[in-house]
2 protein chains.
Amino acid sequence: MVRSAQDATKDVELLRNFLNDREMALNGRLPPERSLCEELGISRGKLRNALAQLEAEGQIWRHVGRGTFFGPRPVLNLSEVEYLSEQCRPTEVIEARMAIEPQMAKLAALHGTASNFAEMRRCVRLCKSAKDWRVYESWDNNFHQAIAAATCNKLLISLFDTLNIVRRSTVWGQMRATRLPPKDHKSFAEHDAIYDAIVDRDPERAAEAMRTHLRSVRDRSYKPFDD
Amino acid sequence: MVRSAQDATKDVELLRNFLNDREMALNGRLPPERSLCEELGISRGKLRNALAQLEAEGQIWRHVGRGTFFGPRPVLNLSEVEYLSEQCRPTEVIEARMAIEPQMAKLAALHGTASNFAEMRRCVRLCKSAKDWRVYESWDNNFHQAIAAATCNKLLISLFDTLNIVRRSTVWGQMRATRLPPKDHKSFAEHDAIYDAIVDRDPERAAEAMRTHLRSVRDRSYKPFDD
DNA sequence: AAACAGACCAATATCAAAATGGTTTGACCA
DNA sequence: TGGTCAAACCATTTTGATATTGGTCTGTTT
């Protein structure tokens, strides 16, 4: 027993030294198991035991067909938004929106440019004049996207894009109760409030207006299920 | 002149009718241009002009090699984090973290489970005992990821993953000034504060502790450039 | 009983060929 | 002269067959 345990730790150290000598880069790929076990002079079973320990420590991660990689964790984000859409309940989506979009409105008020504001104004206007739910949703979507663009932060814009795709694919098909959006749709005033606060360069008011808008959207969409 | 303008709008209407008759699904793919122009009985040039107008309206989007798709906007998120990493300056990354992570801490305090807390405690402990910067960063990363997991929101977790990947790839290689992390590293107390607030189920305090931590990280990392 | 080598499996990468949106060219026509 | 059209060409992406890779099982050996 002691003998085999010593051997196991010995194999792990052999592997550790190999990684240190090679000065593996982050996310660098290790040689395939079949090559590596030969290179280290140990059997594939021994090698796999050592790899398993390093994986448990979070030093490497493995994936069938791809290989073994040096790094702290497997990359969970699959970019398969369809997968996310299936996994996410609508309440999760609205929760994520309420966590992120007010902050984006805040940054939009701080960093937005004149052309950002013009685009937002255009979206608000076309949203009001929409004669079809599908067109309305399109410009409502463009409005929120314009706010994201106004943050002037490419990373935030990208994150919002994925959030937005998931939102659209979960909400799509809902809201067919009425054929046309009403003239006095509640969102119109809320859009105006968000727009005004951002143009006034008032971050806190912009965030609060966005929260109010999202609360309204949430209550309008999920009230049937809540009560 | 009037004649050609009329023809142009006529082509657009022809295309609109085609889409309505087919009842295109969201993100549905249109036939290839070469087939569609034949099917509609117009030249490819005319078809492309009509498609261009619909694209300007945000009704469709096109991509070389992929096709023409029905939907409000091109899908910007390429999931190519490497691209984002090149496009994003470090200040954008820290800005995005300060926008999102405090909200996640808040939700973690609301929704976290006992096993989430245990994982967070483990990360904090192993972070303190790290004898190497790389190991320290690994457990610091795991700690923030545990907070994301505690939100119990798959969408937020996924968004945080991409944010995190970009962060790691831009920050990687920095911070080689000292060989080992100091025993009294400032982040240790900050991690404790975040962990305590979350376990105490105090959302506002958790968010504030996270903001403090991120401010500290930002000042420590980018002070050389700011002054 | 444990370790090993080989074979097999499912998932992924790889690479050439086909497909697709975008552009240019030259002929044709009003 | 200005516009239209068809064909060719380009860069990018998809597709499909093949090779590669981590994970697993089996029979043999020690």
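Since the structure is predicted, the reported quantities are computational estimates derived from the model, not experimental observations. Letters go in sequence order (proteins before strands), and every chain restarts at 1.
A distance-only check finds a donor-acceptor pair linking the side chain of B:Asn153 to the backbone of A:Glu92 [under 3.5 Å].
With sequence neighbours excluded, the residues forming a side-chain contact (heavy atoms from CB on, under 4.5 Å) with B:Arg125 are B:Arg122, listed by chain and number.
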Extract all donor-acceptor atom pairs below 3.5 Å that involve side chains of residues 99-106 of chain A and protein atoms in other chains or at least two apart in sequence.
| residue | atom | partner | partner atom | Å |
| --- | --- | --- | --- | --- |
| A:Glu101 | OE1 | A:His144 | ND1 | 2.9 |
| A:Glu101 | OE2 | A:Arg97 | NE | 2.5 |
| A:Glu101 | OE2 | A:Arg97 | NH2 | 3.1 |

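Computed from coordinates, the B:Asp11 CG to D:dG3 C1' distance equals 14 Å when rounded to whole Å. Counting to the nearest Å, the P atom of C:dC4 and the CD1 atom of A:Ile42 are 9 Å from each other. Following rounding to the nearest Å, A:Leu47 (CG) and C:dA3 (P) show an atom-to-atom distance of 15 Å. Rounded to an integer number of Å, the gap from A:Lys46 NZ to C:dA5 P is 12 Å. Here the C1' atom of nucleotide C:dG21 and the CG atom of B:Leu54 are 16 Å apart, to the nearest Å. Residue A:Asn49 contributes atom CG, which lies 12 Å from atom C1' of C:dA2 at whole-angstrom precision.
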| field | Contact state string [nucleotides 16-30 of chain D, B base, S sugar-phosphate only, - no protein heavy atom under 4.0 Å] | value | -----BBBB------
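A donor-acceptor contact under 3.5 angstrom links the side chains of B:Asp140 and B:His191, judged on distance only.
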| task | Apply side-chain contact (heavy atoms from CB on, under 4.5 Å) to the pair B:Phe143 and B:Ile194, showing each step before the final yes or no. | result | CA-CA 10 Å; B:Phe143 175 64; B:Ile194 297 170; 4.2 Å; yes
| task | Please report the C-alpha distance between B:Glu13 and B:Arg16 in whole Å, then the side-chain angles of each, then the deciding distance to 0.1 Å, and finally whether the salt bridge (charged side-chain N to carboxylate O under 4.0 Å, His left out) criterion is met. | result | CA-CA 5 Å; B:Glu13 286 310 314; B:Arg16 268 192 229 277; 3.3 Å; yes
